[in-house]
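Everything on this sheet refers to the single structure shown next.
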Amino acid sequence: MADVAEKRDKTREREDRLHRIRHSTAHIMAEAVLRIFPDAKIAIGPAIENGFYYDFDLPRSLSPEDLEQIEELMRNIVGEDHEFRREVVGRDRAAEIFSDQPYKLEILRDLPEDEDVSIYAVDTFTDLCRGPHVERTKEINPKSFKLLNVAGAYWRGDEKRPMLQRIYGTAWENPKELRQHLDWLKEVEKRDHRRIGRELDLFSIHEEAGPGMIYWHPKGGRIRQAVEDYWREVHRRDGYEILHTPHIGKSWLWETSGHLDFYADGMYPPMEMDKSDYYAKPMNCPFHIMIYKTGVRSYRELPLRWAELGTVYRYEKSGTLHGLLRVRGFTQDDAHIFCTPDQVESEILEVLRFSLRMWKAFGFTDLKAYLATAPEKSVGSAQMWEQALGSLRQAIETEGLPYEIDEGGGVFYGPKIDIKIKDALGREWQLTTIQFDFNLPERFNISFVDSDGKEKRPYMVHRALLGSLERFFGVLIEHYGGAFPAWLAPVQIVTIPVAPAFNEYAARVADTLGAAGFRVESDLSDGRMGAKIRHHQGQKVPYMLILGEKEEAAGAVSVRPRSGPQVNGVALDEFSATAKAIVDSKSAELWPSG
RNA sequence: GCCAUCUUAGCUCAGCUGGUAGAGCACGUGACUUGUAAUCUCGGGGUCGCCGGUUCGAGUCCGGCAGAUGGCUCCA
């Protein structure tokens, strides 16, 4: 126990130290920028994950060469070993110091009146700042920070305010950590799903046909099919029914749901037909409610668990689109649960468990939940919020999932759990969401007949586990770097003859394995075997089967798993059985070790 | 949508201060008939993102538009 506490203290100490270093480096950068642009207006410059930034209002835009120059200046300043001096000053004095810094004056104005105002000075640079900082610049290693890029950023994040130039940098305790971080950034770039998507021929996007729209190629389609097959199977097992609903709906539907009032900006504009306006759906829920309303529902038929791989369209601003991760058309793995108040707790627990099982199957085990409570304006009674929140919290705690409470971060129509998953590079992705909806049942006036014969309002829960198939695909690609486990790989096996004389055997083996249910190809092209191995290794095919005279004579194959050493002379039946077991178990391992 | 940068062959990229486009990979062809991460030969392929301007002449300079990239913002 003491060890754990000690370790936690050490971690916190290190984080604190890094925070000081980063924040102080940001100040040094501001000084360097001011030396080059004496008229620059400075905004804010905090420490962030892995580094820092500082926002400036400058007479001209910065170039990469400017960054080099700034970085050089920073090293000089750091090398001169200046002291960081903290001083508490009166407001008037502060206003005087920053009289030609309008952004600082604005911050000063917004600080609570009873709070001390502190300033930090280092060398020639003084900043309005709460701190903390390092004591002297020698605590910053001149070889352990690097400026990364320049980006536009609105003052105070408000698009109506001026656009500033933000310089991002990364800073560490020592050069080795910096190098590791830069390597990590390289790895991130290598795994970029847009690059891998092209290299492995998985998907494409076409500006001339509509940005933000995903075209799944045959190999991407195979992966999607494997995902969907699994998804349908586990939903069936978990008592869900699968729905299919239209892509467009008349304005009545979106007026009733409230989307046109609250969400019109996010919707594609209407198509007019027969004097009615039709909208592409941004969500599936109203359609599911229409199905709910086709009959009188008894408490005996609840809970209803209705799922749909429903393709929705949302207008996303052009600047926000990003590969598969931010798109305008996508397929949600959506479901709506209609249940009685008594069933809420067990339904939520089951949804959460279901979600955890699914993530495990896809190879994600590091999950964290975020529980969002009521925002200022909300619909639904306090008692409903309380019960719903209680069931969410209960479920998280029962499952022992780490979680944080996002106070007031909920949406107006109900509390929710968002689950973030951590990928192989330690990045968090928010995909799963489980949300109560107190709004739509009201608006569409849905009900069930309870055991006492009275009509009551059911609880409605939205949930998407993978989120959207497109976004999930992007995360999956980056998580595995394109080296998918055998059950997901678009091509699971390639047979490679050592020479053309064995083409016939390679084709026969491929046929046999194809008949056994594998996604298999034979490479009978003209190239040398070495070139074929290189090619398919690059395509990250899980199994290459090398076939020559010895193999053919024995009815065997030599297995070259994507990872790990080749296994020679495996009987074809045995290979087939072993590979099938690995595929069926969704294992990340490709071959039994030992 | 906003700021910055970018857009040359299917992909990755060269093309200096303006003088009518080039490499590697990929693809096609022919040869070789091969045992573990690139065999050799020859060849096809680009209205240099689109529109306009400056110029005797624009891939190159200027303007507009589109898209992409890095951010900001948004994501009831």
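In what follows, every heavy atom counts, from backbone to side chain, and hydrogens, waters and symmetry copies are set aside. Chain letters run A, B, ... following the sequence lines, proteins first, then strands; residues in each count from 1.
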| request: Have a look at A:E199 and say if it touches a base, only the backbone sugar-phosphate, or nothing, with a 4.0 Å heavy-atom cut-off. | output: nothing
| query | Taking a pair as Watson-Crick or G-U wobble with both distances under 3.5 Å, which nucleotide is matched to B:G63? | reply | B:C51
| Between A:E442 and A:V379, is any pair of side-chain heavy atoms under 4.5 Å apart? | no
| Ion pair A:R156/A:D158, N-O distance below 4.0 Å | no
| query | Just by distance, with hydrogens left out, do A:Y168 and A:R166 show a side-chain donor and acceptor under 3.5 Å apart? | reply | yes
| said: Pairing donors with acceptors under 3.5 angstrom, does anything connect the side chains of A:Q332 and A:S468? | reply: no
| task | Could you work out the separation of B:U7 and B:U12 based on their P atoms and round it to a whole Å? | result | 12 Å
| Stretch residues 553-566 of chain A: residues that reach within less than 4.0 Å of RNA chain B through a heavy atom | A:R560, A:Q566
| query | Taking atom P in both B:G28 and B:G10, what distance in whole Å separates the two? | reply | 15 Å
| message | Under a 3.5 Å threshold, yes or no: a donor from one side chain and an acceptor from the other, between A:Q435 and A:H462? | response | no
| field | Donor + acceptor pair across side chains of A:T25, A:H27 (<3.5 Å) | value | no
| query | Across the strands shown, which category fits A:H322 at heavy-atom distances under 4.0 angstrom: base, sugar-phosphate, nothing? | reply | sugar-phosphate
| field | Cationic tip of A:R22 above A:W172 ring, under 6.0 Å, 45° of axis | value | yes
| said: Base, sugar-phosphate or nothing for A:R60? Non-hydrogen atoms, less than 4.0 Å. | reply: nothing
| query | For A:A151, which contact category applies under a 4.0 Å heavy-atom criterion: base, sugar-phosphate, or nothing? | reply | base
| message | Reading RNA chain B in the 5' to 3' direction, which nucleotide is the first one with an atom under 4.0 Å from a heavy atom of chain A, and which is the last? | response | B:G1 to B:A76
| field | Residue pair A:F438 / A:M460, side-chain heavy-atom distance below 4.5 Å | value | no
| query | In Watson-Crick or G-U wobble terms, both distances under 3.5 Å, what is the partner of B:G30? | reply | B:C40
| Same-atom distance (C1') from B:C13 to B:G46, integer angstrom | 14 Å
| request: Would you mind classifying the nucleic acid contact of A:G548 as base, sugar-phosphate or nothing, using non-hydrogen atoms under 4.0 angstrom? | output: base
| message | Any strand counts, and the cut-off is 3.5 Å on both contacts for Watson-Crick or G-U wobble. Which nucleotide pairs with B:A4? | response | B:U69
| message | Using a 4.0 Å heavy-atom cut-off, does A:R528 contact any base of the nucleic acid, only the sugar-phosphate backbone, or nothing at all? | response | base
| message | Whether the A:Y370 and A:Q430 side chains hold a donor-acceptor pair (N or O, under 3.5 Å, no angle test) is what I'd like checked. | response | no
| request: With heavy atoms under 4.0 Å as the rule, sort A:F502 into base, sugar-phosphate or nothing. | output: nothing
| task | Please work out if A:K550 contacts a base, only the sugar-phosphate, or nothing of the nucleic acid, heavy-atom cut-off 4.0 Å. | result | base
| field | Distance-only polar pair, side chains of A:N50 and A:T170, donor-acceptor under 3.5 Å | value | no
| request: Look through every strand shown and name the nucleotide pairing with B:G22 as Watson-Crick or G-U wobble, where both distances are under 3.5 Å. | output: B:C13
| request: Determine the Euclidean distance between corresponding C1' atoms of B:C42 and B:A58; express it in Å to zero decimal places. | output: 35 Å
| field | Inter-nucleotide C1' distance (B:U8, B:G49), Å rounded | value | 10 Å
| said: Under 4.0 Å, counting only non-hydrogen atoms across every strand here, what does A:E551 touch: a base, just sugar-phosphate, or nothing? | reply: base
| If we call it a pair only when both distances are under 3.5 Å in a Watson-Crick or G-U wobble match, what pairs with B:A76? | none
| remark: Between A:R194 and A:A531, whichever has its closest RNA chain B nucleotide further toward 5' is A:A531
| Looking across every strand, which nucleic acid part, if any, lies under 4.0 Å from A:I496 by heavy atom: base, sugar-phosphate, or nothing? | nothing
| query | RNA chain B: A:G157 or A:Y263, which has the more 5' nearest nucleotide? | reply | A:G157
| said: Applying a 4.0 Å non-hydrogen cut-off, can you work out what A:M283 is touching in the nucleic acid: base, sugar-phosphate, or nothing? | reply: base
| field | Separation between the P atoms of B:U29 and B:G43, rounded to whole Å | value | 15 Å
| task | Provide the distance between the two C1' atoms, one in B:C27 and one in B:A9, to the nearest whole Å. | result | 11 Å
| message | Once you apply a heavy-atom cut-off of 4.0 Å, does A:Y168 come out as touching a base, just sugar-phosphate, or nothing? | response | sugar-phosphate
| Looking across every strand, which nucleic acid part, if any, lies under 4.0 Å from A:T320 by heavy atom: base, sugar-phosphate, or nothing? | base
| message | Can you check the distance between B:C56 and B:C16, where both ends of the measurement are the P atom (answer in whole Å)? | response | 23 Å
| said: Can you see whether A:T245 engages A:K281 through a side-chain donor-acceptor pair at a distance of less than 3.5 angstrom? | reply: yes
| said: For a quick check of understanding: with a heavy-atom distance under 4.0 Å over all strands, which category does A:G319 fall into, base, sugar-phosphate or nothing? | reply: base
| query | Nearest 0.5 Å, what's the CZ-OG distance between A:F502 and A:S522? | reply | 15.5 Å
